[in-house]
Amino acid sequence: MSLEAKHHHDENLPLLDGFHEQYSVHLDKFDGPMDLLLHLIKKNELDICDISIAVITRQYLDFIKLMKELNLEVAGDFLVMAATLLQIKSRQLLPLDDQEEQLEEDADPRAELVRRLLEYQQYKDAGMVIGARALLGREVFERTAVEPLLAAAQSAEGPLEVSLFELVDAFRLLLQRIPAESFHDVAPGDSLSIADCINEILSLLQERETVQFDDLVQDDYGSEHTRERVIVTFLALLELCRLKLIRIFQGNDHGSIWFVPAVAAEPLEV
Amino acid sequence: MNSELSPIIESLIFTAEAALSTDRICELLPEHERDEIKSALAELLDYYQGRAGGFELVEVAGGWQFRTRALFHSYITRHIKTRIAKFSQSALETLAIVAYRQPITRVEVEHLRGVDCGGVLKSLLEKHLVRILGKKDIPGRPLIYGTSKEFLEIFGLKDLKSLPTLREIQALDEQPQYERQEELQLEPGTSVPVENQLPLE
Amino acid sequence: MNSELSPIIESLIFTAEAALSTDRICELLPEHERDEIKSALAELLDYYQGRAGGFELVEVAGGWQFRTRALFHSYITRHIKTRIAKFSQSALETLAIVAYRQPITRVEVEHLRGVDCGGVLKSLLEKHLVRILGKKDIPGRPLIYGTSKEFLEIFGLKDLKSLPTLREIQALDEQPQYERQEELQLEPGTSVPVENQLPLE
């Protein structure tokens, strides 16, 4: 077992707990067809390089059947692998011509699958090895405090850092936000309760994490909402602060005012 | 460091967001006596005073905190001012619009974002991420904007065509297409019973 | 601390928001030679390794940073929220494939894992562990992925070369722990090649 060995070198033994939990096999939660195959090979104490396709295929198909009986959704990838196994099995069963025999010996129908399994196992192990490291933000922490003197010296100038993905994603989200056609209801008595407004802000925060004050009090064309709407929005924000549901930031003096949820989103689950 | 407790307390003070009071440390370490904790703190204080390193342990505002020694402030301010700034959501959105829709006028950007973008555009211009391409030949002759060479440099792009398309990012979300399905047709006649439960034709 | 330079460098690393590269330190201290700075850094590293306090100096993502020792994480999490939940197996596998095979396309990752990886890749992109490097110069111009600086930072790696090699990982699988230890203790000078297959620190 790969990680056992690694852990004995580490001083941070508590990691072991997490590891076993992660590794233990759940019937309904294989990481993919390759993972399931490796599990079956290990369970049957087979050598990856010399697997019995008949045994593995039968057990693999039984497993899929079981998943279906349990009404678990079987991903297409599992079915693709089922077909591959059946194909290899049938090629093994085919009577060979004399002329073909020589050729077939060189090309074991299992060869491609074995190669993929060996390669997959490498990365599966590599994933566990890197996952067992002491991670920043999990076992290891950097200093979080900023000295007052330094905080004051901090400035928004300087090089900017952002990833290409963030840029594209910002645009994608923006396009989703814009309705194809926006109509404005100008009917009088279109009043908004503070409760509605709170819900609106909270759902905005959920999808965007930060909301700028301007976004709340302006309509889609940058003009201000009605006076009533602005007041209701403001009252809703005060209420949200009182309930400790949001925190308020200002970028710099006279800068934009931002709202973020007071409680960080769920811990990062990748 | 003699005591086993000192490194633990040190790690707590190090990671605290603000000065950590002795009371709070006692709360965090209920398995240790207050006296024990106090003497470990005294040990740490002694240690840092004797060491004369780049930072020291100080007791401020009723709590313990690591702070750089005042002696070094002229060095520290050399790099604190040039910190990397993160993009705000509005800067990122505006930049994305300019990148994908250039040449574009301010009014057009504002129509897409639904908010005034004057300030953001100005700041992007100052950071040389966006540049003025010219004036549009319509009434009012508004300025038209596009991205700069620096924009390509910061995002590591060869040219504008190397920008991932929105579809490419969206595709990550989508269900896989079973392109490899033709393999499945290879086994119509096998006798394995489970096979007819596979949703394949 | 002997050198006058070490405390200065220490104060710079201490106040930096992210790991501080040797290059950057040299930029910040133009009055000192690069060699001088490098030897002061070595001195600091030595000092912290020998000290066994609550935190240590580490070289990650090509820079220097103070970090708490993993030993104390159970105390620290009493007052600090862990930012990272457990990584799923599929996230780790995908991350390992991207780390070892970069630059790599989504199709290549999926071929290795045998499953659709769009969702996992997107989530790794959102967590800044993986980044888009550009487009591959083949028909369809698929996006190519690689690991980010944050990946090195979070996993505490100096650079990509610090990743254990796949051979080293495989060696872990093949030999029971006790055998390997024996060989190492008994025959340091033997020609058994297993020694350089040991996991890196």
Side-chain angles (χ1 to χ4, degrees), chain A residues 1-6 8-12 14-15 18 21-23 31-35 37 75-78 80-81 116 119-131 133-144 146-147 150 163-166 168-169 264 266-270, chain C residues 14-15 17 55 60 65-71 73-74 76 80-97 99-100 111-116 120 123-129 131-132 148 153-157 163-164 166 169-170 172-173 175-177 180 199 201:
Chain A
M1 276 258 325
S2 59
L3 276 219
E4 295 276 1
K6 161 110 183 140
H8 285 290
H9 289 299
D10 281 354
E11 52 179 3
N12 36 334
L15 273 179
E21 202 184 315
Q22 192 178 350
Y23 192 71
D31 204 40
M34 305 287 275
D35 204 22
L37 273 185
D77 301 306
F78 281 89
V80 173
M81 179 59 77
R116 280 185 67 194
E119 195 165 19
Y120 170 73
Q121 177 154 52
Q122 277 195 323
Y123 293 113
K124 182 179 149 90
D125 290 347
M128 286 193 290
V129 168
I130 61 171
R133 295 183 69 89
L135 301 193
L136 183 68
R138 195 178 70 179
E139 284 91 19
V140 165
F141 298 85
E142 55 201 340
R143 203 173 74 97
T144 41
V146 177
E147 289 173 76
L150 303 177
S163 80
L164 188 54
F165 172 74
E166 284 173 277
V168 185
D169 214 40
E266 287 306 301
L268 215 135
E269 176 88 49
V270 184
Chain C
F14 183 79
T15 48
E17 215 169 70
F55 52 90
V60 279
Q65 191 172 42
F66 286 110
R67 290 187 173 189
T68 57
R69 287 169 63 211
L71 197 60
H73 85 275
S74 62
I76 295 162
I80 291 275
K81 259 216 229 154
T82 48
R83 272 186 290 118
I84 294 176
K86 209 161 57 185
F87 279 86
S88 69
Q89 190 192 323
S90 66
L92 284 172
E93 266 175 34
T94 308
L95 199 52
I97 291 171
Y100 283 96
H111 180 70
L112 283 167
R113 291 197 56 223
V115 285
D116 170 67
V120 186
S123 145
L124 291 172
L125 278 164
E126 276 165 1
K127 267 86 198 184
H128 307 295
L129 292 164
R131 67 200 173 99
I132 296 167
S148 63
E153 280 169 6
I154 288 178
F155 286 82
L157 295 162
L163 274 171
L166 291 175
I169 288 166
Q170 212 165 10
L172 289 175
D173 242 0
Q175 277 177 294
Q177 160 77 4
R180 217 174 39 240
E201 290 316 309

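In what follows, chains are A, B, ... by sequence order, proteins preceding strands, each numbered from 1.
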Looking only at non-hydrogen atoms, find the nearest pair between [X] and [Y] and report the distance.
X      : Y      : answer
A:A134 : C:A70  : CB-CB, 3.7 Å
C:A96  : A:G127 : CB-N, 3.6 Å
A:G32  : C:V115 : CA-CG1, 3.4 Å
A:V129 : C:P164 : CG1-CG, 3.9 Å

| request: Kindly say whether C:I154 contributes a backbone atom to a donor-acceptor pair with the side chain of A:R138 at under 3.5 angstrom? | output: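 Between the backbone of C:I154 and the side chain of A:R138 there is no qualifying donor-acceptor contact (under 3.5 Å).
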| request: Using modelled atom types only, decide if a donor and an acceptor are shared between the side chain of A:D125 and the backbone of C:Q170 within a distance under 3.5 Å. | output: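 Not confirmed, A:D125 side chain does not pair with C:Q170 backbone.
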| Roughly how far, to the nearest 0.5 Å, is the CG atom of C:L112 from the NZ atom of A:K124? |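 Those atoms lie 14.5 Å apart.
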| field | CD on C:E93 to CG on A:D35, rounded to 0.5 Å | value |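 Nearest 0.5 Å value for the CG-CD distance: 6.0 Å.
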Measure distances from [X] to the heavy atoms of chain A and classify the residue's part below 4.5 Å as side chain, backbone, both or neither.
X      : answer
C:R131 : neither
C:F155 : both
C:I76  : side chain

| On the ring face of C:F66, is A:R143 found with NZ or CZ under 6.0 Å from the centre and within 45° of the axis? |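 Relative to the ring axis of C:F66, which defines the angle, A:R143 lies outside at least one limit.
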| Under 4.5 Å from any heavy atom of chain C - which part of A:E119 |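 For A:E119, the side chain is the part near chain C, not the backbone.
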| Residue, of C:E126, C:H128, C:E153, C:R67, that accumulates the most heavy atom pairs under 4.5 Å with chain A |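 Among C:E126, C:H128, C:E153, C:R67, the one with the most close pairs to chain A is C:R67.
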| field | C:T82 vs A:F141 side-chain heavy atoms within contact, under 4.5 Å | value |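 Yes, at least one pair of side-chain atoms sits under 4.5 Å.
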| message | Could you tell me if the side chain of C:F87 sits less than 4.5 Å from the side chain of A:L135, heavy atoms only? | response |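 A:L135 vs C:F87: side chains touch.
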| With the threshold set at 4.0 Å, does a side-chain nitrogen-carboxylate oxygen contact exist between A:D31 and C:R113? |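 Here A:D31 pairs with C:R113 in a salt bridge, since their nearest N and O are under 4.0 Å apart.
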